[in-house]
Amino acid sequence: MRTPRPLLITYMPDTAERSRMPVAVYVLGLSVFALGTSEFMLSGLLPAIADDLDVTIPQAGLLISAFAIGMVVGAPLLAVATLRLPRRTTLIALISLFGLGQIAGALAPTYALLFASRIVSALACAGFWAVGAAVAVAMVPVGARARAMAVMIGGLSLANVLGVPAGAFLGEQLGWRSAFWAVAAATAVALAGLLALVPRIPLPEQRPTLGRELRIYRDRQVWLAVAVTALAAGGVFCAFSYLSPLLTEVAGLEASWVPWILGLFGVGALVGTTLGGRVADAHLFGVMLGGVTASTVFLVLLALLAPVGVAAVALSFLIGVSAFFTAPALNARMFNVAGAAPTLAGATTTAAFNLGNTGGPWLGGTVIDAGAGFAATAWAGAAMTVTALALAALALRLDRRTPARPTRVVSSSASAPAPTPSDGASAPAARPR
């Protein structure tokens, strides 16, 4: 019989508050809106940045790559570095550092300084995602984890729908630096919300240690969750990264249509996040398997029907729905299998998504360089999602063979005793941090 996993200490609101999502989770979603806007807005600002700083557009594009790599590296590093720090204080420090990175970017007189500001912003963004995800799931019952993550991911969806187009508009009307100032202002609002509304989260009296947290990586389910997340995200972004030339050169649409269709993808992402967050808590594997299957089908259809403009537009929306429908379940799954180390669980999920967001476009570019054409990126993406589907099915099979993972709940109410752990061990006391 397998040794029971360490128990996850979870902050819980009072009984009267459990039926609704805490306001603090929405504040985290607002913070993610600012983070996501900064991460993705450069795609619409590259020509202006290149012209102003006297670099080529490909050189300006490296600013996007630097941010993605900073997210992959920064999430686990910041999670480890802040492991024993108070969660609320860590969030405030990271969002403040991110805001300073935006101000530095807005004032940067040279490409090198702008590049450095993007790295700093990426590290702060990665750390905030990791710690914020752990805080979000700690403030809700176990059965509402996916819904809490959907609120955070919804901030990212809104960034694609509203923030990125608004950044492009500001960049065109007032210069690219104005977009950085706007994100800095949004970050200030998020900081105020964190200061006012995010509570101190109870943690075990026994301080977390790196060695204990790193034990989660001995579990094959953790690595399966990483692989499924990276492949599911990478498959979608393998095609999405080259959607603009696919729409203009394969589907034959005018370039003026591209921003609207990208916005349509963002609307689909928002719809998918909302639906997935509502369903995933009750049917986690159903959402994972169903969402990845849908993404595979839509990618295959895009590869086959790319020359048909109407079909390409409709499938852009549907791929946004299916990809983000799956995202809350992918996040919640990691916390379920790595609940003994919630901060590293959030960091690992963040790194996994960004591995997909980096690897998928690389595979798509390789396919295009090989002469297969823009539509072939959808075939390559479908190959990635099929692999993700197979690994998710394997994870489900293994999960059914594994004893249930005990979860200890600590209530914020002094009168509400915590349930006794299933293995009978005495639980450590918790103190607010």
Side-chain angles (χ1 to χ4, degrees), residues 31-82 85 89-132 156 159 163-164 166-168 170-172 174-191 194 237 241 346-347 350-351 353-355 357-359 361-362:
S31 303
V32 170
F33 170 79
L35 301 177
T37 298
S38 178
E39 180 177 1
F40 297 119
M41 71 181 182
L42 259 66
S43 60
L45 301 174
L46 292 184
I49 291 174
D51 182 64
D52 184 36
L53 299 181
D54 195 25
V55 296
T56 66
I57 289 181
Q59 284 177 311
L62 291 177
L63 295 168
I64 299 175
S65 300
F67 201 101
I69 294 172
M71 289 284 288
V72 172
V73 176
L77 286 182
L78 266 294
V80 169
T82 63
L85 298 179
T89 302
T90 301
L91 288 175
I92 292 170
L94 289 171
I95 198 71
S96 300
L97 179 61
F98 177 82
L100 291 175
Q102 302 311 295
I103 294 173
L107 296 173
T110 66
Y111 172 80
L113 289 176
L114 179 59
F115 194 95
S117 76
R118 295 302 287 171
I119 293 177
V120 170
S121 296
L123 292 174
C125 180
F128 188 95
W129 258 108
V131 178
L156 191 62
V164 174
L170 284 174
E172 185 169 337
L174 301 174
W176 65 269
R177 297 177 190 274
S178 65
F180 280 80
W181 285 116
V183 173
T187 303
V189 174
L191 174 60
L194 291 172
F237 280 90
S241 298
T350 300
F353 272 108
N354 281 279
L355 278 173
N357 294 347
T358 304
W362 171 83

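Rounding to the nearest 0.5 Å gives a distance of 6.5 Å between CG of Leu194 and CD1 of Ile92. For the atom pair CG (Leu78) and CE (Met71), the distance works out to 10.5 Å, reported to the nearest 0.5 Å. Separation of atoms CG (Leu45) and CG (Asp52) is listed at 11.5 Å; rounding is to 0.5 Å.
When all heavy atoms are compared, the tightest approach of Gly74 to Leu123 is CA-CD2, 3.5 Å. Contact detail for Leu94 and Phe128: the closest heavy-atom pair is CD1-N, 3.4 Å. Of all the heavy atoms in Ile119 and Ala66, the pair that sits closest is CG1-CB, 4.4 Å. Listed here is the closest heavy atom pair of Arg177 and Gly105: NH1-O, 4.0 Å. Phe98 and Ser38 get closest at one heavy-atom pair: CZ-CB, 3.5 Å. Here the shortest heavy-atom pairing between Ile103 and Ala184 reads CG1-CB, 4.0 Å.
Looking only at distances, a side-chain donor or acceptor of Ser178 sits under 3.5 Å from a matching main-chain atom of Gly175.
For Leu114, the side chain to side chain contact (heavy atoms under 4.5 Å, CB included) partners two or more places apart in sequence, or in a different chain, are Ile49, Leu53, Leu63, Ala108, Ser117, Trp176, Phe180. For Ser121, the side chain to side chain donor-acceptor pair (under 3.5 Å) criterion is met by Gln102, not counting sequence neighbours. Remark: Ala190 pairs with Leu30, Ser31 by the side chain to side chain contact (heavy atoms under 4.5 Å, CB included) rule, at least two apart or across chains. By the ring-ring contact (aromatic ring centres under 6.0 Å, His included) test, Phe353 is found to be paired with no residue, residues two or more places apart in sequence or in another chain being considered. Under the side chain to side chain contact (heavy atoms under 4.5 Å, CB included) criterion, Ala166 pairs with no residue, sequence neighbours left out. Listed by chain and residue number, Val73 satisfy the side chain to side chain contact (heavy atoms under 4.5 Å, CB included) test with Ile69 (two or more places apart in sequence, or in another chain).
Side-chain contact between Trp181 and Leu107 is present, with at least one heavy-atom pair separated by less than 4.5 Å. For the pair Leu170/Met41, no side-chain contact is recorded, criterion being any heavy-atom separation below 4.5 Å from C-beta on.
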